[in-house]
2 protein chains.
Amino acid sequence: MASNARFAEVASLAGDPARAAMLHALMDGRAFTASELARVARVTPQTASGHLAKMVAANLVQVEPQGRHRYHRLATPAVAQMIESIMQVASSLEMKRAAPVTGPRDAALRAARTCYDHLAGQLGVALADALVAGGYVALTRDAGMVTDAGITLFGEIGIVGMDAAALSAGHGKNGRVLCRPCLDWSERRPHLAGAVGAALCARAFDAGWIRRVEGTRGVTVTAAGRRIFCEGIGMRGFWLD
Amino acid sequence: MASNARFAEVASLAGDPARAAMLHALMDGRAFTASELARVARVTPQTASGHLAKMVAANLVQVEPQGRHRYHRLATPAVAQMIESIMQVASSLEMKRAAPVTGPRDAALRAARTCYDHLAGQLGVALADALVAGGYVALTRDAGMVTDAGITLFGEIGIVGMDAAALSAGHGKNGRVLCRPCLDWSERRPHLAGAVGAALCARAFDAGWIRRVEGTRGVTVTAAGRRIFCEGIGMRGFWLD
DNA sequence: GCCATGCTTCGGTCTGCGCCGAAACATTTG
DNA sequence: CAAATGTTTCGGCGCAGACCGAAGCATGGC
């Protein structure tokens, strides 16, 4: 059972509050400097540097020097998924214990945020609901599928090339695209993840439907986005309309 | 960022070597007594008791008193998935560092084992390969789907009622059963998980196709199992034939 | 009733590690 | 080259927590 030691090593790396805060921040998929991560973790730069060195050594985090800055990002999607699954368990623990004290910061994140490479929060859930209601996507607890109608819709709003990425192993049988559902830790309902979720999120940023809120993982929906999401996809309930 | 504390709490619980060993043992989905878990973690019963109390308080583990024994099991599937994803990251770290020293114990586990509620190892991968090759199942990195032919096959070998469980949210649109792929940490290839994988595994135990190896998470395939897997499902390459 | 067995609580020791201040090092800017 | 900024290394402090021995509770068998 030598692998047990690696398991404990990885988990305990994520188990320190400062490192957990950094990993949490890195969950939006962007890269940050050591000082930025030091701020979010509320430790001094030298402490953060030590933490980051450990996580880089364990291949949780990748570092990319650029001038006098060193940009850190999550090393692999597997790391993001691990963090996601820990958040999952942690949030169910939270519900079990007590109603959490929710600051305005948390409220903004709950409304709309990125989850590594896809959209989450009320926005992510509302989009998934709309896609399911419109017959564009079918979701179960375990998996998801984009229907023919969904492929058409995605093509109309400019999401292409998804099939190739999502069907690597399934070689397009039945002309359907499989995708991954992700239980939202704040909403406790599924949203769209995986290659399809990532493609949708990327397209939304590119087309200016959503914009990042500076300094957080939160996003805001632009007027153009509101039009697409409501009229194009049929999203309801995210705004009070 | 109050949720950050919960995250770190959960991760650090999994990050202690003794607790990691216990969680690892609990990954076969069965329940164990505190003393049994103390043995696998190589600590004294009183130490194990303390660890288990913490994990129960954090809702990682469920306890069920039965006479003078107290049986512990993983509290939820979400916990199992978390452990799985940590193993994922840990095993990729292992490959990165050095060729692992593989004992005979590890070899047996690599051949065939349970992964919480489904089959993994070379057996799990070979079964998934056969199901894909036969057109019974389509798998991508993100998700999977049982085809019509697959539903027929599963019905023939006695797996029923899967639809209801697997299609809770998808309400059977297109008559397809969605399922979850799971990247095998020892084989680095996907096997069948989720509700469908669990149903297949449960049926295999019930029908006597596989049996547990006492004291480990490993399983062996019986003669009946070999017949079903090879002739019924078309599995190849697990045995040298 | 008694003893054996499984489990937990308590008290004390000790290692590990997170933290910061100070200082060195690197890189860009002026 | 010097100054400013980002980052790392080093050394020492202090606390959290993992561990075990011993003793205290339960439960089941006799």
Side-chain angles (χ1 to χ4, degrees), chain A residues 1 4-26 30-58 60-73 75 93 215, chain B residues 1 4-26 30-73 75 215:
Chain A
M1 292 286 184
N4 197 16
R6 306 290 184 199
F7 178 97
E9 181 187 346
V10 169
S12 79
L13 277 174
D16 174 80
R19 284 191 296 258
M22 296 181 190
L23 290 173
H24 207 113
L26 290 170
R30 283 180 298 175
F32 293 93
T33 67
S35 325
E36 287 173 320
L37 292 170
R39 259 198 307 283
V40 310
R42 303 177 180 283
V43 292
T44 59
Q46 64 268 33
T47 299
S49 174
H51 285 313
L52 287 167
K54 283 175 194 172
M55 292 198 285
V56 167
L60 293 189
V61 168
Q62 237 174 5
V63 61
E64 188 180 335
Q66 233 172 69
R68 63 179 159 187
H69 297 276
R70 303 192 68 195
Y71 283 96
H72 298 79
R73 67 173 71 252
L93 171 60
Chain B
M1 291 286 184
N4 197 15
R6 306 293 183 198
F7 178 98
E9 181 187 347
V10 169
S12 80
L13 278 174
D16 174 79
R19 284 191 296 259
M22 296 181 191
L23 291 173
H24 207 113
L26 290 170
R30 283 181 298 175
F32 293 93
T33 66
S35 327
E36 287 172 321
L37 292 171
R39 260 198 306 283
V40 310
R42 303 178 181 282
V43 291
T44 58
Q46 63 267 34
T47 299
S49 175
H51 284 313
L52 287 167
K54 282 176 193 171
M55 293 198 285
V56 167
N59 208 32
L60 293 190
V61 168
Q62 237 175 6
V63 62
E64 188 180 336
Q66 231 171 71
R68 62 178 158 185
H69 297 277
R70 303 193 68 195
Y71 284 97
H72 297 80
R73 66 173 71 251

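Remember, predicted model here, so these are calculated numbers, not experimental data. Sequence lines set the chain letters: A, B, ... in the order given, protein chains first and strands last, and positions in each chain run from 1.
- Following rounding to the nearest Å, A:Leu37 (CG) and D:dT7 (P) show an atom-to-atom distance of 9 Å.
- Listed nucleotides: D:dA18, D:dC20, C:dC19. Nearest to the side chain of B:Arg19: D:dA18.
- Distance A:Arg68 CZ to D:dT8 C1': 16 Å, rounded to the nearest Å.
- One finds a side-chain N or O of A:Lys54 lying less than 4.0 angstrom from the OP1 or OP2 phosphate oxygen of C:dG18.
- Per the geometry, NE2 belonging to B:His51 stands 8 Å off C1' belonging to D:dC19, to the nearest Å.
- To the nearest angstrom, C1' of D:dT7 lies 16 Å from CD of A:Glu64.
- Residue contacts for A:Ala18: at a heavy-atom cut-off of 4.0 Å it reaches the sugar-phosphate backbone alone, with no base atom in range.
- Comparing D:dT7, C:dT8, D:dA18 against the side chain of B:Gln46 picks out C:dT8 as the nearest.
- Residues A:His69 and A:Tyr71 are in side-chain contact: their nearest non-hydrogen atoms beyond the backbone lie under 4.5 Å apart.
- Distances shown here put a side-chain N or O of B:Thr44 below 4.0 Å from the OP1 or OP2 atom of D:dC20.
- At least one side-chain nitrogen or oxygen of A:Arg70 sits closer than 4.0 Å to the OP1 or OP2 atom of D:dT8.
- In this structure, CE of A:Met22 is placed 12 Å from C1' of C:dC19, rounded to the nearest angstrom.
- Annotation: the span from B:Leu23 atom CG to B:Leu13 atom CG amounts to 8.5 Å, rounded to 0.5 Å.
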Let's go through A:Met22 and A:His72 carefully: what are the C-alpha distance in whole Å and the side-chain angles of both, what is the deciding distance for side-chain contact (heavy atoms from CB on, under 4.5 Å) to 0.1 Å, and is it a yes or a no? CA-CA 10 Å; A:Met22 296 181 190; A:His72 298 79; over 6 Å; no
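- Computed from coordinates, the B:His69 NE2 to D:dG28 P distance equals 9 Å when rounded to whole Å.
- In this structure, B:Arg19 contributes its side chain and A:Ala8 its backbone to no donor-acceptor pair below 3.5 Å.
- Taking the nucleotide of DNA chain C with the nearest heavy atom to each of A:Thr47 and A:Gln66, the more 5' of the two is matched to A:Thr47.
- The nearest whole Å value for the distance from the OH atom in A:Tyr71 to the P atom in D:dG6 is 10 Å.
- Note: CZ (A:Arg39) to P (D:dT5) measures 13 Å, nearest angstrom.
- Side-chain nitrogen and oxygen atoms of A:Ser49 include none within less than 4.0 Å of the OP1 or OP2 phosphate oxygen of D:dT7.
- Distances were taken from every side-chain heavy atom of A:Ala34 (C-beta onward) to each of C:dT8, D:dC19, D:dT8; the shortest belongs to D:dT8.
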Working note: A:Val63 + A:Leu52, criterion side-chain contact (heavy atoms from CB on, under 4.5 Å); need CA distance, chi angles, decisive distance, verdict. CA-CA 9 Å; A:Val63 61; A:Leu52 287 167; over 6 Å; no
